[in-house]
Amino acid sequence: METRSDKREASLLRSLPSIDRLLQTEAVQLLLATYPHDLVVEGLRGSLDSAREGIRHGEDPPSPPALVADARGRIGAAIQPTLRPVINATGVILHTNLGRAPLSDATIAAMEAVARGYSSLEYDLDAGGRGSRHEHVAALLRRTTGAEAGLVVNNNASGILLALAALATGKEVVISRGQLVEIGGGFRIPDVLRQSGAKLVEVGTTNRTYGEDYAAAIGDETALLLRVHASNFRVLGFTHSASIEDLVHLAKSRGLRVVDDLGSGSLLPTEEYGLAHEPMVQESVRVGADVVAFSGDKLLGGPQSGILVGRADVIERLRRHPLTRAVRPDKATLAGLRATLLHYVEGAAEREVPVWRMIATPTVDLDRRARSIVEALGSPNLDAVHTESAVGGGSTPGETLPSRAVAISSTGEGAQALATRLRRWSMPIIARVADDRVLLDLRTVSPSEDGEIVSALRTTCVV
Ligand SMILES: *Cc1c(COP(=O)(O)O)cnc(C)c1O
């Protein structure tokens with residue numbers, strides 16, 4: 001039997017305007033001047049669906065202007081990009097989820113210049129004919145790393161895959177059990193080896209592997225020795241691993257190759273910045289590794305890319321492999337990488353490359369900025385506090401740099417709720433939560449973003 005409330009509900013549902021009628025209104029005509037018809041109809045349909053749902057739960061129907069305002073919000077949300085700039089206040093400098101290395105001004109300018117129009121990507125301007133995209137950074141890679149040759153691919157993962165496929169398909173690759181690691185995002189060394197068509201030969205134990213272990217495993221089918229930097233964990237205590245020198249020495253005596261996956265790979269000495277020594281590309285090149293692989297967007301501080309440097313004949317073999325075509329970098333990457341490498345050649349990396357600028361920023365500077373943000377807001381909930389930043393991105397695992405943060409103590413709603421609100425700010429701010437406080441670590445925040453932080457804190461009802 002139909003009750004009175006059923007009747008009321010049916011009549012309220014009937015009172016909602018149709019999409020056609022809403023399309024005639026002036027407010028929707030204005031929306032149609034900006035947005036495509038389909039998107040507007042989709043927004044209106046969403047608003048009407050939600051209004052019907054509300055009526056069924058006993059709510060009053062929204063007015064037509066309220067329906068249109070709701071539709072406008074839905075349209076806005078539908079075209080809002082999901083990939084957006086954010087403020088990284090986590091203190092993790094190379095944050096993979098937040099896009100790793102921010103780029104230098106010169107790098108951005110170089111990428112923009114080639115993105116805007118045509119370029120000499122594969123065109124030899126002297127000869128007036130076909131050139132190679134691999135030439136643009138080759139000289140700078142030789143100069144910065146000391147290697148005979150270099151090759152750029154999409155990322156380090158594809159670089160390792162290419163090196164193994166070109167040098168060891170159908171053959172054996174010897175690697176320490178302590179280096180069969182997962183880098184993150186499901187990139188596991190044993191899986192990559194299998195994909196390359198190489199056969200994995202494990203030697204040693206999780207914590208100790210000696211040169212003799214490699215020597216004993218070498219046979220007729222062995223093609224190369226692979227070293228993988230333990231970039232995101234530390235094994236402490238009773239440990240030993242064969243040095244890259246040991247591996248190169250052994251490989252030479254047996255006619256094999258050595259591939260060294262440095263992960264981050266640094267061109268500058270991290271120990272001069274109060275961190276543990278991160279393996280440097282130049283060191284592996286100097287001792288004679290055939291291929292040294294590292295990322296362009298970790299400690300190098302450039303655009304996403306994978307860099308392979310080493311002996312000229314070996315790099316040439318990689319360059320000719322069919323996989324190289326599948327993992328080749330685009331013009332913007334090459335232009336940007338060149339500009340980033342130039343900072344190193346000019347001795348200006350610490351000043352120009354944002355990753356190094358952040359690592360090198362003295363805590364007194366961070367302290368001054370933290371205090372000035374706290375003073376600008378004048379709230380008892382805010383405090384300038386000591387904290388620890390991390391390099392991240394598979395470099396210097398377990399190491400921290402002293403830093404300063406703006407700490408926001410719980411404002412009743414709880415620290416997680418406040419962190420969520422900061423994340424939903426028009427310029428999303430990604431913070432850290434510790435001891436029921438929100439921490440904004442300024443080491444990874446550009447000084448030009450301090451004003452945005454003040455505005456966000458003022459409006460997210462902190463003060
Ligand atoms: C990060 C890392 C990789 C993967 O590099 P991408 O540039 O992210 O593809 C591979 N090996 C090691 C040791 C790493 O640290």
Side-chain angles (χ1 to χ4, degrees), residues 92-103 137 141 145 150-165 168 173 175-196 198 200 209 224-235 241-242 244 247 258-267 270 275-281 283-284 289 291-310 318 323-324 326-330 333-334 336-337 340-341 355 390-399:
V92 180
I93 296 174
L94 292 167
H95 198 304
T96 297
N97 300 152
L98 302 182
R100 288 194 188 154
L103 303 176
V137 289
L141 285 177
T145 67
L151 178 68
V152 180
V153 293
N154 249 319
N155 50 30
N156 190 28
S158 61
I160 306 292
L161 181 64
L162 169 63
L164 294 173
V173 172
I175 180 171
S176 159
R177 288 197 170 87
Q179 297 172 7
L180 291 171
V181 300
E182 174 174 319
I183 306 304
F187 180 85
R188 290 178 164 186
I189 292 296
D191 296 338
V192 178
L193 262 158
R194 209 167 299 122
Q195 287 299 321
S196 73
L200 172 71
T209 305
L224 64 83
L225 311 183
L226 174 63
R227 183 180 82 147
V228 178
H229 177 47
S231 51
N232 50 6
F233 67 102
R234 258 200 311 197
V235 188
S241 54
I244 188 72
L247 295 190
V258 172
V259 172
D260 193 10
D261 174 10
L262 287 184
S264 188
S266 186
L267 291 179
T270 43
L275 294 162
H277 178 73
E278 179 75 12
M280 292 174 71
V281 181
E283 295 164 349
S284 293
V291 177
V292 182
F294 57 104
S295 290
D297 55 346
K298 289 184 179 173
L299 276 175
L300 186 75
Q304 180 193 302
S305 49
I307 301 170
L308 299 157
V309 298
L318 304 192
L323 246 189
T324 302
V327 296
R328 70 182 187 183
D330 80 320
T333 298
L334 290 166
L337 188 58
T340 301
L341 288 169
V355 167
V391 176
S395 338
T396 64
E399 294 267 318

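All ligand and atom numbering here is 1-based and tracks the order in the structure.
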- Query: With a cut-off of 4.0 Å, which atoms of ligand 1 are near a heavy atom of S295?
  - Reply: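 Contacts of ligand 1 toward S295, numbered from 1: 5 (O), 6 (P), 7 (O).
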
- Give the atoms of ligand 1, by number and element, whose distance to some non-hydrogen atom of R100 is under 4.0 Å.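 Near R100, the atoms of ligand 1 are 6 (P), 7 (O), 8 (O).
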
If you compare all heavy atoms of [X] against all heavy atoms of [Y], which two are closest, and at what distance to 0.1 Å?
X    : Y    : answer
L299 : S264 : N-OG, 3.1 Å
V228 : Q179 : N-OE1, 3.0 Å
L226 : L193 : CD2-CD1, 4.4 Å

May I ask you to check if ligand 1 and [X] share an N or O to N or O distance below 3.5 Å?
X    : value
G263 : no
D297 : no
S158 : no
D261 : yes

- Message: Tell me every residue that passes side-chain contact (heavy atoms from CB on, under 4.5 Å) with E182, counting only those two or more places apart in sequence or in another chain.
- Response: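 Only R188 meet the side-chain contact (heavy atoms from CB on, under 4.5 Å) criterion with E182.
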
- Looking at D261, D260, L308, V309, which one forms a side chain to side chain contact (heavy atoms under 4.5 Å, CB included) with F294?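 So, applying the side chain to side chain contact (heavy atoms under 4.5 Å, CB included) to F294 and each of D261, D260, L308, V309, only V309 qualifies.
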
- Among K298, R227, H229, which residue places a heavy atom closest to atom 14 (C) of ligand 1?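 Among K298, R227, H229, the closest heavy atom to atom 14 (C) of ligand 1 belongs to K298.
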
- Message: Once rounded to the nearest 0.5 Å, what's the spacing between atom CD1 of I307 and atom CG of L262?
- Response: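 Interatomic distance, I307 CD1 to L262 CG, rounded to 0.5 Å: 11.0 Å.
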
